[in-house]
Every structure is written in C-alpha cells, then in structure tokens.
Amino acid sequence: MIDTPAWHKLEQHHRATAHLNLRTRFARQPGRFADLSVSACGLLLDYSKNALDLNTIGFLVELARERGVEAWRAALFAGEPVNNTEGRPALHTALRAASPRGDDISLAIRGTLERMRLFSETIRRGVWKGHDGRALRTVVHLGIGGSHLGPRAVCTALADTGRRELEVRFVANVDAHELDAALAGLDPATTLFVVASKTFPTAETMMNARSARAWALAGGVPERALPQHFIAISANPREVTEFGLDARTMLPMWDWVGGRFSLWSAIGLPIALQSGMDALFDLHAGARAMDHHFRNAPLDANMPVLLALIGVWNINMLGLPTLSIAPYHHLLRHLPAHLQQLEMESNGKSVDRDGKAVGAATAPVVWGQPGTNGQHAYFQMLHQGNAAAAVDFIAVATASHSHEAHQRALLANCLAQSEALMHGRTEDEVNAALAASGLDAAARAALAPHKVFPGNRPSNTLLLPRLNAWTLGALLALYEHKVVVQGALWGVNSFDQWGVEWGKEIARGIEDRLDATGVLGGVAPETTNSSTQGLIAAIHAMRG
Ligand code: F6P
C-alpha cells in the first residue's frame with residue numbers, strides 16, 4: 001500500500017463497492033457507456049466494463065493529483081532529468097514534435113529525419129546500389145528489445161501501407177535459427193543489413209552482425225564494399241567504428257531516448273524503408289495528436305491518464321496483476337510484444353525513484369495475442385478460471401480488406417467476449433438454457449456448474465476507425481503516456497532498466513564454461529549452484 005490520503009480513500013472506496021457486480025451496475029445505469037467512455041484523436045476508449053463508476057474515477061483523479069502526475073507530465077515534456085538514476089531526460093516526444101524549437105535537440109532530430117528520408121528514398125528507388133551495381137531488395141534489421149519490438153510491430157501493422165519496394169526482415173534473438181531463417185533465400189548482393197543498437201555492445205546484436213558480415217563476405221561481397229550493405233543506427237559512433245562499420249553513414253540516436261520509446265527515432269528506419277518516410281511522418285503526426293491530448297485534456301477526460309488510473313485500480317485495488325492485450329486485427333499481432341517491453345521494462349520495478357521499496361504492486365504482467373485466436377487459446381481461463389485478468393480489447397472499425405463478412409464476425413466476437421466477461425452467466429440462466437437441450441434432469445444437473453460464467457471480469461475496449469500510420473501513432477503514444485503516468489503514480493523511474501544487466505553478466509561466465517571442447521574453462525560465476533552445474537554437465541553429455 002502507498003501510504004497517502006488519496007490511496008487510503010481509494011482503498012476505502014474499494015471496500016465499500018467491492019460487493020457491486022458489473023451486471024448490476026449496467027442494469028442501474030443505462031447511461032453507463034456514455035459516462036465511462038472517452039474519445040481522443042479519433043480513438044474511442046470504452047472503460048464502462050470496469051468495476052468502477054464516476055465516484056471511483058473521482059478518487060483516482062485525486063490520487064493522480066496527489067502523486068503529482070501533472071507536474072511529472074510537464075517535467076517529461078520540458079526535458080527534465082526524469083530518468084533520475086541515469087541523470088537523463090526522456091524526450092521521445094521531441095522526436096515527433098512538429099515545430100522545431102530551434103534548439104540543439106530539435107536541430108539534431110530534424111537533421112536525422114532528413115537523413116532518414118534521403119537514405120530510405122535512395123534505397124527504395126534503387127539509387128543506392130549493392131557491390132555489383134544491382135539495387136538492394138531486402139533489408140535485414142538486426143536489433144533486440146526496443147531496437148526490434150517497436151519497429152517490428154509498426155512494420156507488421158503497416159504491411160499494406162505504401163508501395164512495397166523492399167522486403168524488411170527482423171532478427172533479434174542470439175539463437176541463430178532466427179538469423180538463418182531471415183537469410184534463407186537472400187542474395188548478399190541485394191541485401192542491406194541495418195545494425196540497430198543504441199548502446200552498441202548489446203551481445204545478441206553484435207553476434208548477429210558479425211555472422212551477417214561473415215555471410216555477406218562468404219556470399220561474394222568484397223570487404224571494401226561492406227559499407228554498401230551495412231548501416232548502423234546507434235548513440236555510440238566509437239563502438240560502431242570499433243566494430244568495423246562506417247560511422248559516417250551511421251544514423252544517430254541519443255541517450256535521452258529510452259530503447260522502448262525509440263521507434264520514433266532512427267530506430268524507425270525499417271518503417272521508412274518498408275512503407276516510405278511519409279508513413280513514418282504520419283505515425284509521428286498521430287502520436288503528436290495524442291501528445292497534445294495528453295498535455296491538455298483534463299485528467300478525468302484524458303485517455304492516457306484514465307487508462308493508467310484504471311490499471312492502478314485493477315492491479316492495486318482489485319488485485320489483478322496481469323493485463324491481456326487482445327488486438328482484434330491480424331496486423332496488430334506484434335503489438336502485445338512491444339507493449340510487454342513498454343510496460344514491464346518501464347514499470348517492472350520494486351523500488352521507487354529514491355530507492356525505497358514501493359509498498360504496492362507495480363507493472364502488470366502483459367501478455368496476449370490477436371483475437372479471435374486468443375478465444376481458442378486462453379479465453380477459457382479468462383471466463384471461468386480462478387485467476388482473472390484485466391483485458392484491453394483493441395478493435396478497428398473498418399478493415400483494409402474487402403471481406404465484409406469476416407470483419408463483421410471479427411468485431412462481433414470482440415464485443416461478445418467483453419460482454420461475456422462482464423455479464424457472466426448464472427446457474428439459473430444455464431439451467432434455463434439446458435431445459436431445451438433434451439438432456440435428462442440428472443445430466444443437466446451434472447453439466448450446469450461447468451457452464452456457469454462468474455462474470456464481473458473487467459475490460460477496456462479501444463476502438464480505432466481504421467488502422468493506418470496516423471491512428472497507430474496515436475495508439476502507441478497512448479500506451480507510452482499510460483506507462484509514464486503509472487510510473488508517476490507508483491513513484492518508480494520508468495526510464496531505466498537495471499534489471500536486465502545481472503543476467504547478462506552471469507551468462508558471460510556460463511558461456512565460457514559451455515565452450516566447444518567441453519572442458520569447463522573459465523572461472524565459475526559466483527552464482528554457480530548445483531542446478532547450473534548439473535545443467536552444464538547435462539548439456540555436454542547430450543551434445544556428446
Ligand atoms: O532490454 C534491455 C535493453 O537495454 C533495452 O532497454 C533495449 O531496448 C535493448 O536492451 C537493446 O538495447 P540496444 O538498442 O542498446 O542494443
């Protein structure tokens with residue numbers, strides 16, 4: 001629990017309303033949808049299927065005020081060092097700001113965007129040639145985490161946007177099965193590798209880049225022509241040069257942009273290569289519109305703030321630690337993975353900005369897959385399991401395909417699932433339905449309990465008019481701001497990620513001991529235990 005007056009009021013409000021059932025709330029409040037939905041940037045957020053009402057929103061907004069959300073928002077946009085453990089601002093919003101402020105940061109951003117535009121156009125139009133004079137046809141983007149998940153989610157979502165002059169493939173994992181799959185069928189002479197790493201010593205990306213270079217050389221690309229087939233995106237030109245890539249063609253990033261917030265930067269190059277720079281500019285424009293809404297809308301009509309507050313209500317008051325992202329659109333299938341990093345790497349922390357224990361649960365466990373697939377995978381548990389989960393349904397009113405019946409079925413399923421979660425189905429209703437089943441009384445009595453749905457399970461539904469770069473930009477910015485507001489509410493630093501370092505250190509020690517000769521070389525990492533020892537021995541045994 002966070003020991004503040006607003007938090008205690010919220011706990012008291014929860015105790016006083018916990019007995020209410022969503023079905024009852026809807027029955028008593030015919031105007032519930034109108035009261036508990038908000039539109040912004042063409043998106044509609046229906047939050048009426050959450051276990052709350054306008055009083056709850058009032059208490060949540062009071063908490064937001066008490067936790068300084070408005071001041072935190074101002075600090076974020078003003079470029080203050082909101083990332084206190086690294087002494088950095090978090091200026092991902094500057095990457096998509098329209099009016100250049102004329103300061104150094106704006107100039108660097110504008111210059112980089114212009115370089116991205118020129119570079120992507122010369123590649124897409126075949127002006128930039130490979131070593132044998134042929135135009136490049138495939139881009140292989142090497143990056144991981146924020147250097148992968150955001151660009152991949154956007155490229156997948158915009159697969160039908162803009163002329164497809166180039167195919168873009170992604171490789172993130174150090175597991176070479178992914179690299180091999182991406183390189184399958186490619187001609188080194190017509191392949192461009194984008195090595196994307198903000199810091200540049202990220203082990204997975206470096207190993208993939210070394211193997212890609214070896215593949216290109218083995219495929220006939222002369223050493224002197226490698227710069228025609230490799231471009232780096234990084235905040236670390238020295239390491240880029242060390243690695244043997246050309247820092248002169250490197251597209252810069254900056255340490256005031258967090259990896260999971262970086263798709264708006266040069267890390268978004270694959271978006272421009274695949275769909276054209278106009279698509280990236282449209283993405284920026286949609287996000288900019290959401291930035292404007294976030295900065296100006298009153299807290300109780302502010303979509304990112306409401307999404308954040310509802311999340312705190314679900315996690316900290318209702319005790320729902322996970323959030324299922326259910327995009328009812330095939331082209332949003334990589335969105336859950338991006339939001340996983342955005343939410344869990346930003347707020348998956350247990351100490352606040354001052355290093356003191358946060359007395360409350362923080363980031364949700366984010367998971368999910370597109371609907372309607374999820375209905376055939378995990379919705380059984382969402383409906384009838386003992387561990388409920390909050391759900392964000394994301395639907396798009398108008399499809400970019402021409403199969404009207406498919407789109408109707410998709411949307412009907414999306415709305416039906418959130419209704420079933422909310423409404424449930426009582427034993428009386430089940431018995432009434434079974435009465436016409438022709439089963440005898442004993443069979444009906446035996447079956448009925450298995451067909452009861454507890455209901456009262458919360459969800460949000462986000463509705464986009466269409467899926468295009470503009471609406472996608474607004475959607476992504478919505479979640480970015482939600483995460484930042486939740487970080488402020490819990491008091492955590494949403495912009496560092498110290499938790500990813502220790503595992504890497506241990507891995508380096510174990511890697512030495514898994515050397516090909518099978519001799520346990522290297523110094524045992526201090527965390528060696530019988531499990532790790534036993535597993536290393538078993539790996540050697542299995543590998544013969
Ligand atoms: O997961 C840790 C992390 O540092 C992320 O924050 C980042 O997006 C990813 O690794 C990749 O980092 P880089 O872009 O520096 O290779």
Side-chain angles (χ1 to χ4, degrees), residues 43 92 138-162 164 166-173 175 177-179 181-182 194 196 204-205 208 233 258-265 267-275 279-280 282-283 286-287 322-346 364-375 377-378 391-396 399-401 410 414 462 464 466-480 482-483:
L43 276 57
H92 45 284
T138 313
V139 173
V140 180
H141 181 90
L142 306 176
I144 196 165
S147 296
H148 165 67
L149 294 166
R152 183 186 64 158
V154 173
C155 281
T156 304
L158 301 183
D160 54 4
T161 298
R164 290 296 303 270
L166 286 165
E167 181 195 7
V168 176
R169 298 185 182 185
F170 288 89
V171 178
N173 202 324
D175 173 359
H177 289 104
E178 189 174 37
L179 179 67
V194 176
E204 296 94 331
T205 306
N208 279 324
I233 303 172
R260 50 197 174 270
F261 297 90
S262 66
L263 68 91
W264 319 97
S265 75
I267 288 291
L269 180 67
I271 302 164
L273 288 169
Q274 173 192 280
S275 300
L280 190 64
D282 287 347
L283 196 79
T322 87
L323 171 64
S324 179
I325 301 292
Y328 272 66
H329 196 301
H330 178 61
L331 297 185
L332 291 177
R333 62 188 180 277
H334 289 141
L335 179 67
H338 168 60
L339 296 183
Q340 235 171 19
Q341 186 197 15
L342 183 62
E343 298 238 14
M344 296 171 76
E345 192 167 87
S346 294
V365 176
V366 175
W367 56 288
Q369 59 174 286
T372 56
N373 306 20
Q375 294 170 208
Y378 54 78
V391 186
D392 280 2
F393 290 94
I394 300 171
V396 177
S400 51
H401 60 62
L410 180 71
C414 180
L462 263 168
L464 282 65
R466 284 182 175 282
L467 181 62
N468 55 40
W470 201 97
T471 57
L472 180 63
L475 177 69
L476 295 171
L478 166 64
Y479 275 93
E480 286 182 349
K482 172 215 171 176
V483 162

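- Heavy atoms only, all atoms of each residue included: A279 and A469 are closest at O-CB, 3.3 Å.
- Although no hydrogens or angles enter the test, the distance criterion places a donor-acceptor pair under 3.5 Å between the side chain of E178 and the main chain of A172.
- Residues L475 and L335 have side chains in contact (heavy-atom distance under 4.5 Å, counting atoms from C-beta outward).
- Looking at heavy atoms from C-beta onward, V154 lies in side-chain contact with L476 at the 4.5 angstrom threshold.
- Looking at heavy atoms from C-beta onward, P370 lies in side-chain contact with R333 at the 4.5 angstrom threshold.
- A distance of 6.0 Å separates NE2 of H141 from OG of S147, quoted to the nearest 0.5 Å.
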Query raised in the report: Can you check side chain to side chain donor-acceptor pair (under 3.5 Å) on N468 and T471, steps first, answer last?
Result: CA-CA 6 Å; N468 55 40; T471 57; 3.2 Å; yes

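- Distance check, rounded to the nearest 0.5 Å: CZ of R169 to CG of L142 gives 12.5 Å.
- Looking at every heavy atom in both residues, V365 comes nearest to M344 through CA-CE, 3.9 Å.
- Side-chain contact between Y328 and V396 is absent, with no heavy-atom pair separated by less than 4.5 Å.
- The aromatic rings of H148 and F170 lie perpendicular to each other, with more than 60° between the two planes, well past the 30° mark.
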**Report entry** Derivation of the side chain to side chain contact (heavy atoms under 4.5 Å, CB included) call for L332 and L472
**Finding:** CA-CA 9 Å; L332 291 177; L472 180 63; 4.0 Å; yes

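- Taking every heavy atom of both residues into account, Q274 and C155 meet most closely at NE2-O, 3.0 Å.
- Between H338 and R260, the shortest heavy-atom distance links the atoms CE1-O, 3.7 Å.
- Applying the salt bridge (Lys or Arg N to Asp or Glu O under 4.0 Å) test to every pair with at least one member in residues 148-161, sequence neighbours left out, gives no pairs at all.
- Considering all non-hydrogen atoms of both residues, A377 and Q369 come closest at CB-NE2, 3.7 Å.
- The CG atom of D392 lies 6.5 Å from the CG atom of L462; values are rounded to the nearest 0.5 Å.
- When all heavy atoms of G368 and Y378 are compared, the closest pair comes out as CA-OH, 3.7 Å.
- The CD atom of Q341 sits 5.5 Å away from the CG atom of L149 when rounded to the nearest 0.5 Å.
- E204 places no side-chain N or O within donor-acceptor distance of the main-chain N or O of N173, the cut-off being under 3.5 Å.
- With a 6.0 Å radius and a threshold of 12 heavy atoms from other residues, nucleotides or ligands, H177 has its NE2 atom at or below the threshold.
- The distance from the CG atom of L280 to the CG atom of L263 is 8.5 Å, given to the nearest 0.5 Å.
- In terms of modelled atom types and a separation under 3.5 Å, the side chain of R164 and the main chain of A159 share a donor-acceptor contact.
- Note: Y479 OH to L339 CG = 6.0 Å, rounded to the nearest 0.5 Å.
- Side chain of T156 to backbone of H334: no donor-acceptor contact under 3.5 angstrom is found.
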**Report entry** Verdict with supporting geometry, T161 and D282, side chain to side chain contact (heavy atoms under 4.5 Å, CB included)
**Finding:** CA-CA 11 Å; T161 298; D282 287 347; over 6 Å; no

